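The model shown is predicted, which means the values in this text are computed figures rather than measured ones.
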There are 2 protein chains.
Amino acid sequence: MTVSITDVAEATGVSASTVSRALRGRPGVSEEMRARIVEVAAELGYTASRSASSLASGRTYTIGVVVPYVGRWFFGTVLDAAEKVFSAAGYDVLLYNLGSPEARKRFFTKLPIRKRVDAVLSLLIPDPEEAAALCSLGVPLATTVGGARPGFTVVGIDDRGGAENAVRHLVNLGHRRIGMISGASEPLHWTTPLDRRQGYLDVLADAGIEPDAALEADGGYTVEGGERAMTELLALRHPPTAVFAQSDEMAMGALRALRRHRLRVPEDVSVVGFDDHELSEVVGLTTVAQPVAAQGREAARLLLARLEGPNTVSPRPVEMPIRFILRETTAPPHTGRQR
Amino acid sequence: MTVSITDVAEATGVSASTVSRALRGRPGVSEEMRARIVEVAAELGYTASRSASSLASGRTYTIGVVVPYVGRWFFGTVLDAAEKVFSAAGYDVLLYNLGSPEARKRFFTKLPIRKRVDAVLSLLIPDPEEAAALCSLGVPLATTVGGARPGFTVVGIDDRGGAENAVRHLVNLGHRRIGMISGASEPLHWTTPLDRRQGYLDVLADAGIEPDAALEADGGYTVEGGERAMTELLALRHPPTAVFAQSDEMAMGALRALRRHRLRVPEDVSVVGFDDHELSEVVGLTTVAQPVAAQGREAARLLLARLEGPNTVSPRPVEMPIRFILRETTAPPHTGRQR
DNA sequence: CCTGGTTGCGCAAGCGTTTGCGTTCAGATT
DNA sequence: AATCTGAACGCAAACGCTTGCGCAACCAGG
């Protein structure tokens, strides 16, 4: 039926051990013999059974990647980049998409990943319990989100600095009432929304602007949430003249809300996002870009390095560069007609 | 070190076979014994080694999913939905991201998937050779793209009918010069662009409009490609007054090109897309929606059905409903000032 | 009390690799 | 010429699980 290692051993007239060594480039096989074996194996269309080989060797040559939503641009992009690195290095990737609470719970209680992977890249923010579960796997861990976490190799960006750039831009344009559409603040372990908020507050303080809690609305990192949040802000007695959205998706939701309210951007309201979503250029959104694919690549590379070399996790997160991108959704506040 | 089945067996005072049967719900174990074993296993934190179990049983409880680009909205969304179905059924998913030609070649020559999966869902269009390679795996196959293919369970949409809807809408508005931004026409096995083009041609013929090859530009299914294509169309001696883009991404590129040319949408040019991308609503794009996630779910379900029941592939593709969505990028042609 | 059929469980043979160790043999060293 | 060395390869024991078969023990029917 399907060709096994002994088939190619017999066909070559050697033992299975020699075939194994030859095919995996291990020493102890003469070059001519190796060549013959490789040829015969190719001829027979032999591929080693991963199950058998990982059972015998303990290595799976598989990386587990766990993400909250593969469908979302950010995660899809990171995954895309990371997968390329892994597969180029000969690793397969096992995907766990943990969007729903049930899926998440099932994953962390049953840990189907156990004994199945050599390392894991987590793109979701584990709570302390979940992090402990991952650590208990005893394999190298990495992440590109949520900041430092013991045992994890983390590559990220300067969220606070990025937010400062965005908000400072608005301040420099002359805005004083600056709203913020923030991300889900629920999981406290997930520092990104907190850091971005801090950047926002820092700049306000710097500019001598009194922060106003009413100007912060939660958008849950989705387009719809952004729209809702913007709608809330517009319902305020004194709506903001500019809005900093903690993600481009939420910024786009805000744009939609503004259009529904027949408000012009940037004439009536300025909007600045964060992330540089692939479609942000299309809508002309001013934003701060983070190298999403590069983060995935880097995290994957570091993970592989830990796998092949000494398994040491750097204490400080790797920080990737960010870049402010001026486009068309920001302008000085409209001092003329007031709503 | 890590707890194995014999550990559970010893701790319970039974044999490993009984533990195996008990944990997998096989007959031949009394209920009270099963309960005890389950309890002990949970206590010890036992998880069966997949490698060992699939080596012994031949089943991997893993589905291979191969996609061209995980990062792109369409594929990410299909994958997201399919993964949920698979994991809920107890299957893991092995992801192969074959964007680059090298990755693709490596995959199809080495077929690392062999002996690693129980079934595969392919979201890329295999050429005949690649399709044969997949068939040679001897496992159930499914796809959500590219139409009928022997051996594959396929779930798709009525591409031709959808295109007809879109173009008829433009015709009804009074447009006569209707351009088309088409998808990559390269792989001939991939029928979607052809079908959508046919729908376009059908409606033109129906309306007594002479098709003009100059009005078709290739956008390669990307935002940038769409922008280039639109730019080409605008450079024409008689540019179209409306454009049908075969995908929303290309439509968005077209919108960008139009904005760059200081043309208003829909006053100067109407644009209609195809797919209903998650951000199409944000930009107000008129389009024809296809149920992307639902297709992924359905394909996954059918695949699992083939896996558990009799392995029969339905001869006709499953067709999911489409829906025309009128938004704000289409209007009657501007008969006033002409460029 | 002896059959014949269940039911519940253990035995042991795999599944296809990897790998430590042992063997053989040619060539180099004394 | 006897010994040592290293390279090239084979043997066989894992790795952790599944599963066909066998074997007690038990129950009901004659």
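Between the CD1 atom of Ile37(A) and the P atom of dA8(D) there is a distance of 12 Å, given to the nearest Å. Straight-line distance from the CG atom of Leu23(A) to the P atom of dT19(C): 14 Å, rounded to whole Å.
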Nucleotides 4-7 of chain D: which of its N/O atoms have a protein N/O under 3.5 Å away?
none

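For the pair Phe86(B)/Leu303(B), a side-chain contact is recorded, criterion being any heavy-atom separation below 4.5 Å from C-beta on.
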Exercise answer: donor-acceptor pairs, residues 291-299 of chain B side-chain atoms, under 3.5 Å, sequence neighbours excluded:
residue   : atom : partner   : partner atom : Å
Gln295(B) : NE2  : Gln290(B) : OE1          : 2.7
Gln295(B) : NE2  : Pro291(B) : O            : 3.3

Please list every donor-acceptor pair under 3.5 Å in which a side-chain atom of residues 5-14 of chain A meets a protein atom from a residue at least two apart or in another chain.
residue  : atom : partner : partner atom : Å
Thr6(A)  : OG1  : Ser4(A) : OG           : 2.9
Asp7(A)  : OD2  : Ser4(A) : N            : 2.8
Thr12(A) : OG1  : Val8(A) : O            : 2.5

Per-pair distances, 0.1 Å, donor-acceptor, side chain in residues 19-30 of chain B, under 3.5 Å, sequence neighbours excluded:
residue  : atom : partner  : partner atom : Å
Ser30(B) : OG   : Met33(B) : N            : 3.4

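For the residue pair Thr47(B) / Arg114(A), a side-chain donor-acceptor distance below 3.5 Å is found, with atom types taken as modelled. When only modelled atom types and interatomic distance are considered, Thr62(A) and Arg116(A) share no side-chain donor-acceptor pair under 3.5 Å.
Taking only side-chain nitrogens and oxygens, Ser30(A) comes nearer than 4.0 Å to OP1 or OP2 of dC9(D).
By the 4.0 Å N-to-carboxylate-O rule, Arg72(A) lies too far from Asp80(B) to be salt-bridged with it.
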Exercise for the section: Would you give a per-nucleotide map of nucleotides 14-25 of chain D, 5' to 3', where B means the base has a protein non-hydrogen atom under 4.0 Å away, S means only the sugar-phosphate does, and - means neither? Expected result: -BBBSBB-----

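For the side-chain contact (heavy atoms from CB on, under 4.5 Å) test, residues two or more places apart in sequence or in another chain that qualify with Val139(A) are Val120(A), Leu137(A), Leu141(A).
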